[in-house]
Amino acid sequence: MALIFVGLGVLIYLQFRPEQEIRYESDGDTEFAASAIDSGARIEIEVLRSQIEALTEAVQNLEKEIGRVEFSSRGPTNTTPGAGTEPVFQGDGTNDIIDSYAQVVLIAGRRDLNKGLKIASPSYLESVFGKPRDVLTSECQGMTNTRLADKLKTEQVGPVRVRMLTPAIESLGRVFDKIKATDPDLYARINTAGALCVRHIRGAPGRTSTHAFGLSLDLNIDGKLDRLGDGKTQLGLTILADFFRNEGWYWGAGFSREDSMHFEVSRGLVEQWIEEGKL
């Protein structure tokens, strides 16, 4: 029982202690205020979570509320894709927890990870764009949908090389720029397990994979692949997820079958890009 009370005390302290405010100037025109990411606090929370995973349901519910470090900005904070200015984050000094990024930890509050974002399901994307290819197999093939194929690009974006739709690449670049400015050590360890792959879901012929539209990619730390559906992920991915969510990307850790390497553009971003004439 002593461990339970100590754990709760540490979690509550980390949740409610005052946040450090920093400022970051972008392109000399716009200055943003935001909370620095406290990677050390994230390490403490996740390690503690792994130690007390056998606690009661009440403790687990508390974990869900404080499972991630929220970013806040001076004035209204925008979490809706395309509406207003997103905060830009700055690094928080020397990183002394660099070896912890690949550590496997439990994912807390999975159903709330993408709160405020709506998934762009394959059925929705097909209703808007049509199928990415007339006939899909279990193997990756070329895209034949001309509306989408004309907007595909292969490009080095930050630490990874991807083939995706142009507006997704531009959005991904903004995400990686913020990660690099905030936590260059984590940035240097990001790897990809692939982006565009025009195929059906393996084991489910007739159901289009979300990778088939050029709007999603799989990421990992140090090239170590996450185990699908085990409710766990690499600690570094939980930190990356904050940046992606702020840009309007949906994290696959919140799927009914957890897929924490998977990041995809939300429906809100797709609708925004259609309205802007980018898709």
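The analysis underlying the following values was restricted to heavy atoms, covering all of them including side chains, and did not include hydrogens, waters or symmetry mates. Since the model is a prediction, treat every value here as computed from it, not as a measurement.
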query: Would you say Q156 has more than 12 foreign heavy atoms packed within less than 6.0 Å of its CD?
result: yes
- prompt: At what distance, to the nearest 0.5 angstrom, does CD of E139 lie from SG of C197?
  reply: 8.0 Å
Backbone of G223 reached by a side-chain donor or acceptor of N220 within 3.5 Å: yes
message: Please check: side-chain N/O of N145 versus main-chain N/O of R133, any donor-acceptor pairing under 3.5 Å?
response: no
field: Path from L279 to V128 over hydrophobic side-chain contacts below 4.5 Å
entry: yes
- prompt: Step by step, would you call K115 with D112 a salt bridge (charged side-chain N to carboxylate O under 4.0 Å, His left out)?
  reply: CA-CA 5 Å; K115 193 172 183 178; D112 296 324; 5.7 Å; no
field: Set of residues satisfying side-chain hydrogen bond (donor to acceptor under 3.5 Å, both in side chains) with respect to S171, sequence neighbours excluded
entry: E247, W249
Salt-bridge contact E271-R267 (side-chain N to carboxylate O under 4.0 Å): yes
field: Reported CD1-to-CZ distance for the pair I179 and F244, which is rounded to 0.5 angstrom
entry: 5.5 Å
- prompt: Can you find a pair of side-chain heavy atoms, one from N191 and one from I221, that are under 4.5 Å apart?
  reply: no
- line: Rounded to the nearest 0.5 Å, the CD atom of E155 sits from the CD1 atom of I169 at a distance of 5.0 Å
field: Worked verdict on D222 versus Y101 for side-chain hydrogen bond (donor to acceptor under 3.5 Å, both in side chains)
entry: CA-CA 9 Å; D222 296 341; Y101 291 129; over 6 Å; no
Heavy-atom neighbours of R147 CZ exceed 12 at 6.0 Å: yes
message: Would you say the ring centers of H262 and Y250 fall short of 6.0 Å from each other?
response: no
- request: Say whether L136 and I201 are linked into one hydrophobic cluster, either directly or through other cluster members, by side-chain heavy-atom distances under 4.5 angstrom.
  value: no
field: Distance, nearest 0.5 Å, that separates CG of D134 from CD of Q141
entry: 11.0 Å
- request: Check for a donor-acceptor pair, side chain of R110 on one end and backbone N or O of F255 on the other, with a separation under 3.5 Å.
  value: yes
message: Hydrophobic clusters here meaning ILVMFWY residues chained together by side-chain heavy-atom distances under 4.5 Å, can you tell me if I274 and L215 are in one?
response: yes
task: Decide if atom NZ of K180 counts as having more than 12 heavy atoms of other residues, nucleotides or ligands within a radius under 6.0 Å.
output: no
query: Are the side chain of S100 and the backbone of Q103 linked by a donor-acceptor contact shorter than 3.5 Å?
result: no
query: Taking E264 for the side chain and S216 for the main chain, is one N or O donor matched with an acceptor at less than 3.5 Å?
result: no
message: How long is the straight-line distance from CG of L219 back to CG of D226, given to the nearest 0.5 Å?
response: 11.5 Å
Going by atom type alone, with no hydrogens or angles, which donor-acceptor pairs under 3.5 Å involve a side-chain atom of residues 158-166 and a protein atom two or more places apart or on another chain?
| residue | atom | partner | partner atom | Å |
| --- | --- | --- | --- | --- |
| R163 | NH1 | T154 | OG1 | 2.9 |
| T166 | OG1 | K151 | O | 2.9 |

- request: With rounding to the nearest 0.5 Å, note down the distance linking CG in L217 to OG1 in T192.
  value: 5.0 Å
query: For K131, does its backbone N or O pair with a side-chain atom of E126 as donor and acceptor, under 3.5 Å?
result: no
message: Donor-acceptor pair, distance only, cut-off 3.5 Å: does the side chain of S266 make one with the backbone of G248?
response: yes
- request: For residues A168 and G214, report the shortest heavy-atom separation together with the two atoms involved.
  value: CB-O, 4.0 Å
- prompt: Does any non-hydrogen side-chain atom of C140 lie less than 4.5 Å from one of V198?
  reply: no
